[in-house]
There are 2 protein chains.
Amino acid sequence: MAEKRQLTRRGRQRRDKLLAYATTRFAENGYHPTSVSDIVDGVGVGKGVFYWYFDSKDQLLEEILRDALRDLRTTQAAAIADATDPLQRLEAGIRASIRWSAANTDIIRLVNFGWSEESFADVLRRGRDIVVTDTAHLIEQAVDLGQIMEGDPVMMASAIRAVIDQLGQEYALGNGDVDPEMVETAVRMCLRGLRG
Amino acid sequence: MAEKRQLTRRGRQRRDKLLAYATTRFAENGYHPTSVSDIVDGVGVGKGVFYWYFDSKDQLLEEILRDALRDLRTTQAAAIADATDPLQRLEAGIRASIRWSAANTDIIRLVNFGWSEESFADVLRRGRDIVVTDTAHLIEQAVDLGQIMEGDPVMMASAIRAVIDQLGQEYALGNGDVDPEMVETAVRMCLRGLRG
DNA sequence: GCCGTAATTGACCGGGCGGTCAAGGAATTC
DNA sequence: GAATTCCTTGACCGCCCGGTCAATTACGGC
């Protein structure tokens with residue numbers, strides 16, 4: 001198993017390079033149409049290298065998805081750290097998520113694909129629930145302070161996720177670029193939706 | 001080429017059966033993991049039958065997607081035929097689209113997959129633009145009557161599409177079933193968004 | 001009942017896929 | 001400089017996939 005390998009710095013770099021290249025290829029070309037040979041050729045290494053770092057092609061995609069979740073949550077955490085007021089933290093988190101989506105359209109396309117096969121969909125369901133729970137906790141704090149109306153925090157968080165998701169689709173699948181005004185509209189929709 | 005074939009009634013039934021079975025299999029199991037052999041075995045016919053009715057596996061999926069668009073538009077057209085008031089027609093169309101989404105979660109999953117490969121994404125982009133244009137025309141009529149605020153009709157139509165799409169995702173990808181109240185919220189969001 | 005065409009069969013094919021592995025080269029450690 | 005561990009190579013494997021086709025059968029019109 002490639003899991004418990006003790007990697008050197010050089011090893012970690014190779015691994016990251018494979019991860020990064022695979023992400024863009026999968027996003028541009030599709031997961032199945034992109035072969036493991038395509039990936040190792042693109043990075044300029046032998047095929048064995050791939051299986052030194054990863055157990056299988058499937059495991060690679062699962063790892064890409066899990067890494068992306070970690071990256072998103074890290075970004076969110078950093079963005080809300082400055083503020084102390086729950087409502088401000090909520091807005092900062094929303095804006096950070098939108099920025100992250102704009103910068104990671106590759107991932108968004110991979111996520112869309114992932115929902116089409118059960119093994120990946122499992123990973124995505126879990127990830128989605130985690131992100132929603134994060135948001136729901138912020139909402140609860142705001143409710144405790146009377147800043148927003150009472151209601152199911154998970155449902156509210158789901159709605160916020162839906163708005164951000166749709167903006168992400170616009171970034172990833174839209175024809176041209178996205179009107180910045182749209183971001184403001186989305187943020188407003190999220191925050192207004194919480195008040196009533 | 002299977003395109004110009006003169007089909008008997010029996011032929012059309014077979015074709016429809018293949019189309020229907022492939023749709024559910026693709027949705028459940030994924031497009032690539034489902035082989036042509038899986039499909040013909042499932043329907044209980046020889047492999048040659050498949051290539052009598054379709055040029056290729058890819059063409060089959062493209063046809064499924066195009067048929068789905070046609071079906072959606074037919075449903076919408078039927079739903080708005082009753083009303084004459086543009087705003088009422090708009091609402092009827094939205095509700096019909098939502099109902100259609102709830103009844104066609106298989107298609108929604110296939111659409112998600114389709115965006116991940118360029119050849120299918122082309123078909124989807126075109127379909128999306130058509131649906132948005134349909135809606136934009138309705139909006140224009142409502143604007144002319146002063147029923148809703150001025151603004152880019154295409155942008156407004158895109159927003160409506162986004163709301164409906166997100167509800168569709170909920171139907172197709174959600175864990176449990178969808179709170180009917182969510183439908184009302186979605187409809188309200190669409191119509192309110194048009195007023196200001 | 002005959003004939004033309006629609007429909008069906010399933011063995012077969014070439015190729016590309018994910019994945020393996022024996023062998024060998026680089027670092028690192030002592 | 002020997003030993004150990006990390007890393008790399010690329011030919012190779014078996015499988016199964018999408019797609020073909022010559023032969024055969026069912027159907028409809030007359």
Side-chain angles (χ1 to χ4, degrees), chain A residues 1-23 25-26 28-64 110 113-114 116-120, chain B residues 1-23 25-26 28-64 110 113-114 116-120:
Chain A
M1 304 304 136
E3 294 182 34
K4 306 186 136 218
R5 285 251 161 72
Q6 189 64 3
L7 299 182
T8 63
R9 183 164 38 250
R10 178 162 152 256
R12 260 174 275 126
Q13 284 173 357
R14 260 271 197 279
R15 196 167 195 282
D16 288 349
K17 202 146 199 184
L18 285 165
L19 235 16
Y21 187 75
T23 302
R25 289 305 288 156
F26 286 162
E28 285 170 6
N29 200 41
Y31 174 73
H32 288 289
T34 303
S35 68
V36 174
S37 299
D38 286 342
I39 296 169
V40 294
D41 287 354
V43 176
V45 296
K47 203 171 190 181
V49 170
F50 184 94
Y51 290 95
W52 175 260
Y53 294 109
F54 305 101
D55 289 331
S56 69
K57 194 188 171 190
D58 277 14
Q59 189 244 319
L60 166 65
L61 179 55
E62 284 173 25
E63 179 144 351
I64 290 173
L110 287 189
F113 164 77
S116 78
E117 291 183 30
E118 213 38 53
S119 59
F120 305 130
Chain B
M1 302 308 135
E3 293 181 33
K4 306 186 136 218
R5 284 248 162 72
Q6 189 62 1
L7 299 182
T8 63
R9 183 165 35 253
R10 178 163 153 255
R12 262 174 275 127
Q13 284 173 357
R14 264 269 198 278
R15 195 166 195 284
D16 288 349
K17 203 147 198 181
L18 285 165
L19 235 15
Y21 186 75
T23 301
R25 288 305 289 155
F26 286 162
E28 284 171 5
N29 198 43
Y31 175 73
H32 288 290
T34 302
S35 68
V36 173
S37 298
D38 286 342
I39 296 169
V40 292
D41 287 355
V43 176
V45 295
K47 205 172 190 180
V49 170
F50 184 93
Y51 290 94
W52 176 260
Y53 294 107
F54 305 101
D55 288 332
S56 69
K57 194 188 170 190
D58 277 15
Q59 190 244 319
L60 166 66
L61 179 54
E62 284 173 25
E63 179 144 352
I64 291 173
L110 286 190
F113 163 78
S116 76
E117 291 183 30
E118 214 39 51
S119 59
F120 304 130

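What you are looking at is a predicted structure, and each value in this text was computed from that prediction instead of being measured. Lettering of chains follows the sequences in order, A, B, ..., and the numbering in each one begins at 1.
- Rounded to an integer number of Å, the gap from CD of B:Gln59 to P of D:dG18 is 15 Å.
- Annotation: the span from A:Gln59 atom CD to A:Ser119 atom OG amounts to 12.0 Å, rounded to 0.5 Å.
- In this structure, of C:dT20, C:dT8, D:dG18, it is C:dT20 that holds the atom nearest to the side chain of A:Lys47.
- Straight-line distance from the CZ atom of A:Phe50 to the P atom of D:dC12: 23 Å, rounded to whole Å.
- As rounded to whole Å, 12 Å separates atom C1' of C:dG18 from atom CZ of A:Phe26.
- For B:Gln6 and D:dG29, the CD to P distance is 12 Å, given to the nearest whole Å.
- Judged by closest nucleotide on DNA chain D, B:His32 is the one of B:His32 and B:Arg10 placed further toward the 5' end.
- Minimum atom distance to the side chain of A:Lys57 is reached by C:dG18, of the listed C:dT9, C:dG18, D:dG18.
- Note on A:Arg15: every side-chain N or O is 4.0 Å or more away from OP1 and OP2 of D:dC7.
- The aromatic rings of B:His32 and B:Phe113 sit perpendicular to each other, their planes meeting at more than 60°, with 30° as the lower class boundary.
- One can place CG of A:Asp55 at 15 Å from P of C:dG18, the figure rounded to the nearest angstrom.
- Sequence order on DNA chain D of the closest nucleotides to A:Val45 and B:Val49 puts A:Val45 first from the 5' end.
- Note: CD1 (B:Ile39) to C1' (D:dC17) measures 12 Å, nearest angstrom.
- If you check every strand for non-hydrogen atoms under 4.0 Å, A:Gly48 touches a base.
- Following rounding to the nearest Å, B:Arg9 (CZ) and C:dT5 (P) show an atom-to-atom distance of 20 Å.
- Remark: A:Tyr51 is not in phosphate contact with C:dT20, judged by side-chain N or O atoms under 4.0 Å from OP1 or OP2.
- Between A:Tyr53 and D:dT8 there is a side-chain polar atom (N or O) within less than 4.0 angstrom of OP1 or OP2.
- Rounding to whole angstrom units, CZ of residue B:Arg5 and P of C:dT8 are separated by 11 Å.
- Checking A:Asp58 against A:Tyr31 by side-chain atom types alone, a donor-acceptor pair falls below 3.5 Å.
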*Any chance you could lay out the side chain to side chain contact (heavy atoms under 4.5 Å, CB included) test for A:Val40 and A:Val49, step after step, and finish with the verdict?*
CA-CA 8 Å; A:Val40 294; A:Val49 170; 5.5 Å; no

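- The side chain of A:Thr8 lies closest to D:dC7 when the candidates are C:dA6, D:dC7, D:dA11.
- Expressed to the nearest 0.5 Å, how far OH of A:Tyr53 lies from CZ of A:Arg5 amounts to 9.0 Å.
- When the nucleotides C:dA7, D:dG18, D:dC7 are ranked by their closest atom to the side chain of B:Trp52, C:dA7 comes out on top.
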